[in-house]
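For the numbers below, each heavy atom of this structure counts, side chains included, while hydrogens, waters and symmetry mates do not.
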Amino acid sequence: MPDPTRSLDLLRSQTLAGAVEEDIIRRIKAGVIVAGAKLNEADLAESMQISRAPVREAFRSLETAGLVRFEKNRGVYIREITDEEAAELYAVRRNLDEMAGRLLAPGFTDRQASELAGMLEELEAASMSGDVDRYFPLNIAFHDRLIEMAGNKTLLGFYRQVIDRMHLLRRRGFETDSSSAVSHQEHLAILRALQLRDADAASRAMGQHVGNGFERTIGAKLAVGGEPATAPGAGIAPRKTERRHRATAAKE
């Protein structure tokens with residue numbers, strides 16, 4: 001007969017591991033911990049007042065998700081994204097966004113349009129005031145809501161996995177300048193295509209926005225002396241490089 005106490009302990013451990021994982025992802029999204037940072041098992045356990053076991057379990061889950069790496073005799077680190085992986089992530093995200101636009105447009109409602117328009121108003125206000133800390137999560141929320149509205153849970157799950165990895169791209173050098181103004185116009189173009197219920201136009205607008213975001217990332221990288229990766233696209237293989245990606249993905 002199964003030991004109910006042991007079962008409860010296992011469930012509690014899994015729940016705690018999930019809480020640790022979510023907290024680390026939240027800190028990555030907020031820019032509190034960045035690519036290359038070391039995660040201290042003991043400190044995390046102490047700060048959350050839990051044992052080390054669920055922290056270790058969270059680390060293993062984060063490794064599977066591609067967010068951390070284990071270094072023998074050194075510890076656990078937040079992964080740094082290479083140029084090659086950055087190009088691959090953008091390519092996958094572009095395809096997911098295009099699919100979402102095609103799914104969402106035919107049944108797009110006035111209520112959905114009003115909700116997205118309100119989010120864009122908040123985004124523009126944050127951009128105009130130069131409030132990066134507010135702009136970044138609002139931008140994430142806008143795109144996540146777009147994909148969520150498409151109504152395909154599997155698509156949404158894959159999208160969020162990709163986005164979690166893209167948060168590892170550094171936000172260094174981000175400013176709400178003319179580039180975010182261009183991004184805002186692209187957001188409006190997406191909304192207009194959806195309001196027309198034009199699946200092709202919506203898919204195209206969402207895909208172009210991701211592609212243009214990649215180009216802006218290249219520009220930001222060149223500004224700090226790096227070399228650009230190959231732009232994502234069908235049949236285009238990203239160029240391999242040992243350089244770490246130092247640019248921002250915040251403006252997409």
For the residue pair Val34 and Ile78, establish whether any side-chain heavy-atom pair is separated by less than 4.5 Å.
no
Minimum heavy-atom distance between Ser51 and Val55, given as atom pair plus value
O-CG2, 3.9 Å
Rounded to the nearest 0.5 Å, how far does CD of Glu80 lie from CG of Leu168?
9.5 Å
Check salt bridge (Lys or Arg N to Asp or Glu O under 4.0 Å) between Glu124 and all other residues, then give those that pass, not counting sequence neighbours.
none
Are there over 12 heavy-atom neighbours, none belonging to Glu46, within less than 6.0 Å of that residue's CD?
no
Rounded to the nearest 0.5 Å, what's the gap from CG on Leu138 to OG on Ser127? Could you check?
11.0 Å
I'd like to know if the side chain of Ser114 and the backbone of Arg111 have a donor-acceptor N/O pair within less than 3.5 Å.
no
Residues at least two apart in sequence or cross-chain that pass salt bridge (Lys or Arg N to Asp or Glu O under 4.0 Å) with Arg165, listed by chain then number, are Glu85
Glu63: what forms a side-chain contact (heavy atoms from CB on, under 4.5 Å) with it, not counting sequence neighbours?
Val68, Phe70
Please check this pair: side chain of Arg94 against backbone of Gly207, looking for a donor-acceptor N/O pair closer than 3.5 Å.
yes
Arg52 with Glu57: basic N within carboxylate O range, under 4.0 Å
no
Here the pair of heavy atoms bringing Gly101 nearest to Ala202 is O-CB, 3.7 Å
Asp164/Arg160 salt bridge by N-O under 4.0 Å criterion:
no
Between Arg102 and Ser203 the two heavy atoms that sit nearest each other are NH2-OG, 3.4 Å
Any side-chain heavy atom of Thr109 within less than 4.5 Å of one from Gln112?
yes
Strictly below 4.0 Å, N to O, side chains only: are Glu98 and Arg204 in salt-bridge contact?
no
How long is the gap from CG on Asn152 to CZ on Phe158, to the nearest 0.5 Å?
9.5 Å
What verdict does the side-chain contact (heavy atoms from CB on, under 4.5 Å) test give for Val182 and Arg216, after you've listed the backbone C-alpha separation in whole Å, the side-chain angles of each residue and the deciding distance to 0.1 Å?
CA-CA 10 Å; Val182 171; Arg216 286 190 285 272; 3.8 Å; yes
How long is the straight-line distance from OG of Ser183 back to CG of Leu123, given to the nearest 0.5 Å?
8.0 Å
Would you call Leu96 and Ile147 a side-chain contact if the rule is heavy atoms closer than 4.5 Å?
no
Please report the shortest heavy-atom distance between Ala86 and Ile81, naming the atom on each side.
N-CG2, 3.5 Å
Could you pull out all residues at least two apart from Glu71 that satisfy side-chain contact (heavy atoms from CB on, under 4.5 Å)?
Arg69, Arg74, Tyr77
Is any side-chain heavy atom of Met48 less than 4.5 Å from a side-chain heavy atom of Pro54?
no
Taking Val20 as the fixed residue, which of Leu39, Ile50, Thr15 is the one that meets the side chain to side chain contact (heavy atoms under 4.5 Å, CB included) rule?
Ile50
Looking at residues at least two apart in the chain, or sitting in another chain, which of them share a side-chain contact (heavy atoms from CB on, under 4.5 Å) with Glu21?
Ile25, Ala58, Ser61, Leu62
From Arg56 CZ over to Glu41 CD, what is the distance, rounded to the nearest 0.5 angstrom?
5.0 Å
Please walk me through it: do Leu67 and His167 pass side-chain contact (heavy atoms from CB on, under 4.5 Å)?
CA-CA 9 Å; Leu67 297 178; His167 288 311; over 6 Å; no
Please step through side-chain contact (heavy atoms from CB on, under 4.5 Å) for the pair Asn40 and Val76, ending with a clear verdict.
CA-CA 7 Å; Asn40 188 291; Val76 180; over 6 Å; no
Please tell me if the side chains of Leu116 and Phe108 come closer than 4.5 Å, counting only heavy atoms from C-beta onward.
yes
Close side-chain approach of Leu104 and Met206, heavy atoms under 4.5 Å:
no
Are Leu120 and Leu196 grouped together when hydrophobic residues (ILVMFWY) are joined by side-chain heavy atoms under 4.5 angstrom apart?
no
For Asp23, all residues meeting side-chain contact (heavy atoms from CB on, under 4.5 Å), sequence neighbours excluded:
Arg26, Arg27
Side-chain heavy atoms of Ile33 within contact of Ile24, under 4.5 Å:
yes
Validation row: Ile190, His209 side chains within 4.5 angstrom (heavy atoms)
yes
Pairwise distance CD(Glu148) to NE2(His143) - rounded to 0.5 angstrom
14.5 Å
Candidate pair Met119 and Arg145, rule side-chain contact (heavy atoms from CB on, under 4.5 Å), full reasoning
CA-CA 10 Å; Met119 297 178 81; Arg145 186 64 180 127; 4.2 Å; yes
Heavy atoms from other residues, nucleotides or ligands near CZ of Phe142 exceed 12 (cutoff 6.0 Å)
yes
Measure across Ala201 and Ala193 and return the closest heavy-atom pair with its distance rounded to 0.1 Å.
C-CB, 3.7 Å
Classify the ring geometry of Tyr90 against Phe214: parallel below 30°, tilted from 30° to 60°, perpendicular beyond 60°.
perpendicular
